[in-house]
Amino acid sequence: MAYSFDFSSLADYVPVLVKGVAITAELIAVGGALGVTLGIACAWAKTQGPRWLRPLVEAYVELIRNTPFLIQLFFIFFGLPAIGVGLTEMQAAILAMVINLGAYACEIIRAGIEATPKGQFEAGASLAMSRLQTFRHVVLVPALQKIWPALSSQIVIVMFGSAVCSQISVEELTFAANFIQSRTFRAFEAYIVATVLYLVLAVLVRQVMRGIGALVFPRRSVAR
């Protein structure tokens, strides 16, 4: 029997979709900014930081990169309250995204740092800069320029991963699609609309990252 599409039944749920898109955008904006910041700090620790700190960062990166994001999310939301750390659904989702993105961003940024010519480190030392000052003023920006497209793609991947946050009742886009199909029983239509909205969000995130790259690295475009 042929299936008859009917998107008109979704019209009453447009506010639900708008709210879902807004919360997804908030998750990726806050989680992305803090996650990249954490990744930069960890990349510095692995390449330039004190020796005692490097194994700790390495353990964190390996733990996060080799466990599912859903388990990390459940551990934060359901596990931390057992030791007295209670978080709201939104706080748990953002924390999970920051920790997850931080680990992947660390390795991406580390690759950019290790591709930086040694002469730049020597130039910083010749100007009597500390290792942290050399990293911040001489190494970081060229390293980020090299890996900006890869970092942009990783942020988009984390945005897609945010779909599992619906499992702890964060009312993001996937939660909205699930809610709509449970009320209208129009699963195809609900998930087709959600797919299109995720596609639009992904394109927008890449364009935003491209714009940031053009501002930070004005000599050439870095995101495609």
Side-chain angles (χ1 to χ4, degrees), residues 16-17 19-47 49 52-112 147 150-182 187 190-191 194-195 197-199 201-202 205-206 209:
V16 177
L17 287 169
K19 182 178 181 180
V21 169
I23 291 178
T24 298
E26 182 180 354
L27 286 172
I28 195 58
V30 178
L34 295 179
V36 170
T37 301
L38 177 60
I40 291 172
C42 290
W44 171 80
K46 287 190 69 173
T47 58
W52 63 266
L53 186 56
R54 297 177 189 178
L56 298 178
V57 174
E58 184 67 30
Y60 152 66
V61 170
E62 290 303 311
L63 175 64
I64 297 304
R65 294 177 68 202
N66 290 285
T67 54
F69 176 65
L70 182 60
I71 297 300
Q72 298 163 19
L73 178 65
F74 281 178
F75 177 83
I76 291 171
F77 186 66
F78 296 113
L80 292 185
I83 58 173
V85 182
L87 299 173
T88 66
E89 294 88 348
M90 195 69 175
Q91 290 169 342
I94 290 174
L95 179 58
M97 291 177 67
V98 169
I99 292 173
N100 185 270
L101 176 58
Y104 285 93
C106 172
E107 288 301 285
I108 294 171
I109 296 168
R110 178 190 59 80
I147 54 83
L151 190 60
S152 300
S153 295
Q154 186 60 46
I155 290 175
V156 172
I157 291 172
V158 170
M159 182 193 74
F160 293 148
S162 70
V164 303
C165 295
S166 62
Q167 299 298 309
I168 60 169
S169 299
V170 177
E171 297 180 15
E172 43 73 62
L173 183 53
T174 299
F175 181 95
N178 290 337
F179 177 82
I180 292 170
Q181 73 86 22
S182 71
Y191 293 119
T195 298
L197 291 174
Y198 272 118
L199 176 61
L201 283 172
V205 169
R206 290 184 185 278
M209 293 297 292

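Just so it is clear, the model here is predicted, and its values are computed rather than measured.
The side-chain heavy atoms of V30 and M97, taken from C-beta on, include no pair separated by under 4.5 Å. Residues E26 and E172 have side chains not in contact (no heavy-atom distance under 4.5 Å, counting atoms from C-beta outward). Side-chain contact between Y191 and N178: present, with at least one pair of heavy atoms (C-beta onward) separated by less than 4.5 Å. A heavy-atom distance below 4.5 Å is found between the side chains of L38 and Y60. Under the 4.5 Å side-chain criterion, counting only non-hydrogen atoms from C-beta, L27 is in contact with V170. The shortest side-chain heavy-atom distance between C42 and E107 does not fall under the 4.5 Å cut-off.
Heavy atoms from other residues, nucleotides or ligands lying under 6.0 Å from CZ of F160 number more than 12.
The shortest non-hydrogen separation linking A43 to I109 is CB-CG2, 3.7 Å. The two residues L201 and M159 come nearest to each other via the heavy atoms CB-SD, 3.8 Å. Considering every non-hydrogen atom in both L87 and F77, the closest pair reads O-CE1, 3.7 Å. Closest approach of I155 and V36 over heavy atoms only: CD1-CG2, 3.9 Å. Listed here is the closest heavy atom pair of V61 and C106: CG2-SG, 3.9 Å. The shortest non-hydrogen separation linking A190 to A177 is CB-O, 3.8 Å.
Between the side chains of Y198 and T24, not a single donor N or O lies within less than 3.5 Å of an accepting N or O.
Judged purely by atom type and a 3.5 angstrom limit, R54 uses its side chain to pair as donor or acceptor with the backbone of G49. Remark: the backbone N or O of V164 is not paired with any side-chain donor or acceptor of Q167 at under 3.5 angstrom. With hydrogens and angles disregarded, no donor-acceptor distance shorter than 3.5 Å links the side chain of Q154 to the backbone of A105.
Here I23 contributes atom CD1 and S162 contributes atom OG; the two are 11.0 Å apart, rounded to the nearest 0.5 Å. One finds the CD1 atom of I157 at 13.0 Å from the CZ atom of F69 (value rounded to the nearest 0.5 Å). Rounding to the nearest 0.5 angstrom, the gap separating the CG atom in L101 from the CD1 atom in I64 is 11.5 Å.
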So L151 and Y104, side chain to side chain contact (heavy atoms under 4.5 Å, CB included) or not? Walk me through it.
-> CA-CA 9 Å; L151 190 60; Y104 285 93; over 6 Å; no
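None of L73, L34, I76, N100 except one satisfies the side chain to side chain contact (heavy atoms under 4.5 Å, CB included) rule with L95; the exception is I76.
Taking the side chain to side chain contact (heavy atoms under 4.5 Å, CB included) definition, one finds that L63 meets it with T67, sequence neighbours left out.
Under the 30°/60° scheme for interplanar angles, the aromatic rings of F175 and F179 are found to lie parallel.
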